[in-house]
2 protein chains.
Amino acid sequence: MRRERSREALREGLRAVTELLDKQEVLDALAHRQEGPKRELLEELQHRQSLAALRHRVRDLHPADLAYIVEALPSTRRVLVFRQLDPRRQADVLLELGDAERGGLMGLLSRDELLAAVREMDADDLAWVADALPDELRPDVYASLDHASAARLLSAHAYADGTVGALMEEPPATVRDDATLADVLATLRSRPALPAQTDAVFVVDGRGLFKGVLRLAALVQGDPAARVGDELSPGSVSFDPGDPARDAAQAFERYDLVSAPVVDERGKLVGRIAVDAVLDFLRDSAEREALQRAGLAGDEDLFAGLVESARNRWPWLAINLVTAFFASRVIGAFSGTIERLVALASLMPIVASVGGNTGNQTVALIVRALALDQVREGTVRHLLLKESRIALLNGAVWGGLMGLFALLLYGSPALGLVMAAAMTLNMGVAAVGGVLAPLALARAGRDPAQGSSVLLTFATDAMGFFIFLGLAAVFLG
Amino acid sequence: MRRERSREALREGLRAVTELLDKQEVLDALAHRQEGPKRELLEELQHRQSLAALRHRVRDLHPADLAYIVEALPSTRRVLVFRQLDPRRQADVLLELGDAERGGLMGLLSRDELLAAVREMDADDLAWVADALPDELRPDVYASLDHASAARLLSAHAYADGTVGALMEEPPATVRDDATLADVLATLRSRPALPAQTDAVFVVDGRGLFKGVLRLAALVQGDPAARVGDELSPGSVSFDPGDPARDAAQAFERYDLVSAPVVDERGKLVGRIAVDAVLDFLRDSAEREALQRAGLAGDEDLFAGLVESARNRWPWLAINLVTAFFASRVIGAFSGTIERLVALASLMPIVASVGGNTGNQTVALIVRALALDQVREGTVRHLLLKESRIALLNGAVWGGLMGLFALLLYGSPALGLVMAAAMTLNMGVAAVGGVLAPLALARAGRDPAQGSSVLLTFATDAMGFFIFLGLAAVFLG
């Protein structure tokens, strides 16, 4: 009864598939090396047998598990495993794959294979994979749709990425507000099975206008003679297709929703959004953010090509070179000072590095506060003041310690004082920059999680070198 | 019907509450300044009036929205707003607050206030807030629990943070596998309302052993005469209370679950886990990770005290100082070389910084691959090879460019060549370090997202300085 779906079970499935693929490749290699028709026939039989074993192994796996296994394989093996599935399951696996992996796999399939799989999809599915669909296939795919599906696909395309409309799926069964619960039970019994993650049906009036949400629990537990209109969930949340997906995700988290209706501005029910779409959206956003924070423009398939992968890192490298170059020129301006006291060259990276790190702590706190919507006009002054105080406190403690080290290493009290003062000041720069950089980016409509760290490190590097070498030029020159 | 729950509506609520609080404070200040009993009476009346307005304003807010507003206020105002709620809603708000904010607020309440709110909680709620409960209150709180709740609370405490057991709540209605759907419908109608996020009831046999899951949709749509045992969901997923919460969260994402049974090793149903707990867990983990990546040990309330906040940053500062100090000693070892050619001092941070940044790109990719469980023995060699090739390619392109800059700036072809070679080599160090650091941490059972960046930056700084200055000492000395 209990299905073991743990990580280990998945790994075990992957290992089994990999073994079968290994066997397959050995057989292929043998068949290439051997000669004589008899031998070939033998190999051919073995080959078929191992393919059958592979097909058997993948037959009962959940599409999500299959997608996991496919993603863990190099391209040629991905195609081989994928071809062992019937088109219906191929469609399911395509839907479960990551964007980069789906695009890669679809690019390797033949036109007919792709068409067979895509024809198994409904309009919501098609909207989901449409970006990876080659242009020349679109007419064939769209021609096979009925009118309602075509309309649905078009409307799905009408909503931009990152809106509720893009996460929306077809509304499930709707019921009339003047029916009784018994009517609803009878009607639902005659309809096709409700989709997964259905915790409620949506209620419309005679004109098709959205009236509210009837929880299945209320339907099951309510008096069969009660009117639907009297059993609606109080305070249900609905969304507009143009609402930002991020707001919808926050509402799902905040109000513990399972599914919610999407209603257009005329009050008509146009779809529903379910918690699985929200989970996927949150997961995708988190992954994209983690990559973008490191300066990786797009999603990168672990098995992507070399040049493509190298290029993915170029914009960041370019920015990094420009800022590093600028910091380098700051140092260059003080080359006379460094020539007179070469100890400065070895101490200056400490000032810059500690400033960068404390500043990034502040950035992390502010980015989190922005995401939780805790930053308001009144709080900015408070935050600046607080972070500056912490910087001065930490600067005094740790800057003092480093000053002591400098004194002990180089025997110069003046150098120690300059070191302590520069570290304290640069931590002040880090505090102010750490508060202001994310706020400025957020106000400019940019993602503060992405650019703040570059801006901040630029400031703490350049200012760190400038403050330390400047103080040294004045007091030690 | 449609409730506007957007960000703007929440901000509006917060603004209104803040205004009322401002008014309140002005009145308080006036009352302090004025004298004479008549004046006082007048102020007192106004004071009461504005408190009533505040109470009115917060009365209809969703507890999650109230928690949002409370978190956005400084401590004294938090208490004032909180005191306007009845104990039942106070309990709800406490449950919705973030860990740091809940602890702070509970510390400010009187013993009686706290007891009143906590007495409104059931065993699941109590387990959730238990960490913030002062020790001296525990006997009073626990004494008021009935036997079943006390047992439930004890068992909730038995599971470590980060396990399914810690996210588990009491199982909702269970039904017998030999009942008919009509029986179930009749039984459920006589029971208390099913909890939110109930998409299914759990099925047990005569001995109380877990048999499977009956979806409410199946209950509603099935033949009333059918036996429950024949209508179970195929392939339902169940968890063990000791399973890692992270695995359960992955299963919820993978298989689009709304709720799932938790079954102990004897096959007895001990609880359920619902998607809201999973969403909270994912959100908490993501936030904690973002803060930890920046070296912030614990969750930090935006309005926490100065010393507490400063201390939160010390462990990271200490590590950073040690690594920076080490890198500084590497430079110190080459002070003779720098003295002869001071241009080295201004170019060396470029080599270290670019290495650190490209390495962190690799780290981000590997950490993501680890989180998605895509890294296996076979792939490590593949990844090392691929990242090294990318590093050499990018090193040749961008290192060459920087070498050209160095040549133009300082007029020395040898310096340009050293620069280009050092950048390429350090990008190789970054590639290898970027692959191996997260893998080593993961193998040691540590969180790769947290420590990899420190390790990597340490390597690229120290090695960057060493390679660049070493090459310079050999070829330019």
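The basis for the numbers below is simple: all heavy atoms, side chains too, and nothing from hydrogens, waters or symmetry mates. By convention in this document, chain letters (A, B, ...) are assigned in the order of the sequence lines, proteins followed by strands, and residues within each chain are numbered from 1.
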Worksheet item: With a 4.5 angstrom heavy-atom cut-off, which part of A/Phe325 approaches chain B: side chain, backbone, both or neither?
Response: both

Discussion item. I need the minimum non-hydrogen distance between A/His62 and B/Arg254, along with the two atoms involved.
Written reply: CE1-O, 4.1 Å

Discussion item. Looking at every non-hydrogen atom in both residues, tell me the closest pair between B/Ala324 and A/Ile350 and how far apart they are.
Written reply: O-CG1, 3.7 Å

Discussion item. Under the side-chain contact (heavy atoms from CB on, under 4.5 Å) test against B/Arg313, which residue among A/Leu393, A/Ile390, A/Asn357 passes?
Written reply: A/Ile390

Worksheet, complete the sentence: Cut-off 4.5 Å, heavy atoms of chain A, and the answer for B/Val275 is side chain

Worksheet item: Under a 4.5 Å heavy-atom cutoff, which of A/Ser453, A/Pro224, A/Ser190, A/Gly356 has the most pairs with chain B?
Response: A/Pro224

Worksheet item: Given the options B/Thr362, B/Leu321, B/Leu401, which has more heavy-atom pairs under 4.5 Å with chain A than any of the others?
Response: B/Leu321

Worksheet item: Between B/Ala217 and chain A, which part of the residue has a heavy atom less than 4.5 Å away: side chain, backbone, both or neither?
Response: both

Discussion item. Can you tell me how far apart CZ (B/Phe465) and CZ (B/Phe334) are? Round to the nearest 0.5 Å.
Written reply: 11.5 Å

Worksheet item: chain A heavy atoms under 4.5 Å from B/Ala193: which part of the residue, side chain, backbone, both or neither?
Response: both

Worksheet entry | Distance-minimising heavy-atom pair for A/Ala406 and A/Leu347 | CB-CD1, 4.0 Å

Worksheet item: Heavy-atom distance under 4.5 Å to chain A: side chain of B/Arg329, backbone, both or neither?
Response: side chain

Worksheet item: Under a 4.5 Å heavy-atom cutoff, which of B/Pro349, B/Ala200, B/Ala64, B/Gly267 has the most pairs with chain A?
Response: B/Ala64

Discussion item. Below 4.5 Å, heavy-atom pairs only: which of B/Arg283, B/Met348, B/Arg311 has the largest tally toward chain A?
Written reply: B/Arg283

Item to complete: Just give me the residue among B/Thr198, B/Asn360, B/Val330, B/Leu317 that pairs up with chain A most often, heavy atom to heavy atom, under 4.5 Å.
Response: B/Leu317

Worksheet, complete the sentence: Honestly, the part of B/Asp256 sitting under 4.5 Å from a heavy atom of chain A is both

Response to the item:
Applying a strict 4.5 Å limit to non-hydrogen atoms, the region of B/Pro261 in contact with chain A is neither

Discussion item. I'd like to know if the side chain of A/Thr457 reaches the main chain of A/Val454, judged simply by a donor and an acceptor atom lying under 3.5 Å from each other, with no hydrogens or angles considered.
Written reply: no

Item to complete: Give, as side chain, backbone, both or neither, the part of B/Leu344 having an atom under 4.5 angstrom from any heavy atom of chain A.
Response: neither

Discussion item. Only pairs of heavy atoms separated by less than 4.5 Å count here; which of B/Ala274, B/Ser259, B/Ser328 has the most with chain A?
Written reply: B/Ser328

Worksheet item: What residue, out of A/Leu257, A/Leu219, A/Ile331, has the most heavy-atom pairs lying under 4.5 Å from chain B?
Response: A/Ile331

Worksheet item: Is the backbone N or O of B/Val258 less than 3.5 Å from a side-chain atom of A/Gln197, with the two atoms forming a donor-acceptor pair by type?
Response: no

Discussion item. Tell me if a side-chain donor or acceptor on A/Glu287 pairs with a main-chain N or O of B/Arg368 at a distance below 3.5 Å.
Written reply: no

Discussion item. I need the minimum non-hydrogen distance between A/Ser346 and B/Gly332, along with the two atoms involved.
Written reply: CB-N, 3.7 Å

Worksheet item: If you take all heavy atoms of A/Ala310 and B/Asn394, which pair is closest and at what distance?
Response: O-ND2, 3.6 Å

Worksheet item: Nearest heavy-atom pair of A/Ser233 and A/Arg215: which atoms, and what distance?
Response: OG-CG, 3.2 Å

Worksheet item: Out of A/Asn320, A/Val278, A/Leu188, which one racks up the most heavy-atom pairs below 4.5 Å with chain B?
Response: A/Asn320

Worksheet entry | A/Glu71 side chain vs A/Gly98 backbone, donor-acceptor pair below 3.5 Å | yes

Worksheet, complete the sentence: When the 4.5 angstrom heavy-atom criterion is applied to A/Thr358 and chain B, the contacting part is side chain

Discussion item. Heavy-atom cut-off 4.5 Å, strictly under: side chain, backbone, both or neither for B/Leu194 against chain A?
Written reply: both

Worksheet item: Between B/Arg189 and A/Gly222, is there a donor-acceptor pair closer than 3.5 Å when you use the side chain of the first and the backbone of the second?
Response: yes

Practice prompt. Just give me the residue among A/Ala327, A/Ser353, A/Ala196 that pairs up with chain B most often, heavy atom to heavy atom, under 4.5 Å.
Written response: A/Ser353

Worksheet item: Of the backbone (N, CA, C, O) and the side chain (C-beta and beyond), which part of B/Ala318 lies under 4.5 Å from a heavy atom of chain A, both, or neither?
Response: both

Discussion item. Which atoms of A/Leu216 are under 4.5 Å from chain B, going by heavy atoms: the side chain, the backbone, both sets, or neither?
Written reply: both

Discussion item. Need one label for A/Pro244: side chain, backbone, both or neither, based on atoms under 4.5 Å from any heavy atom in chain B.
Written reply: neither

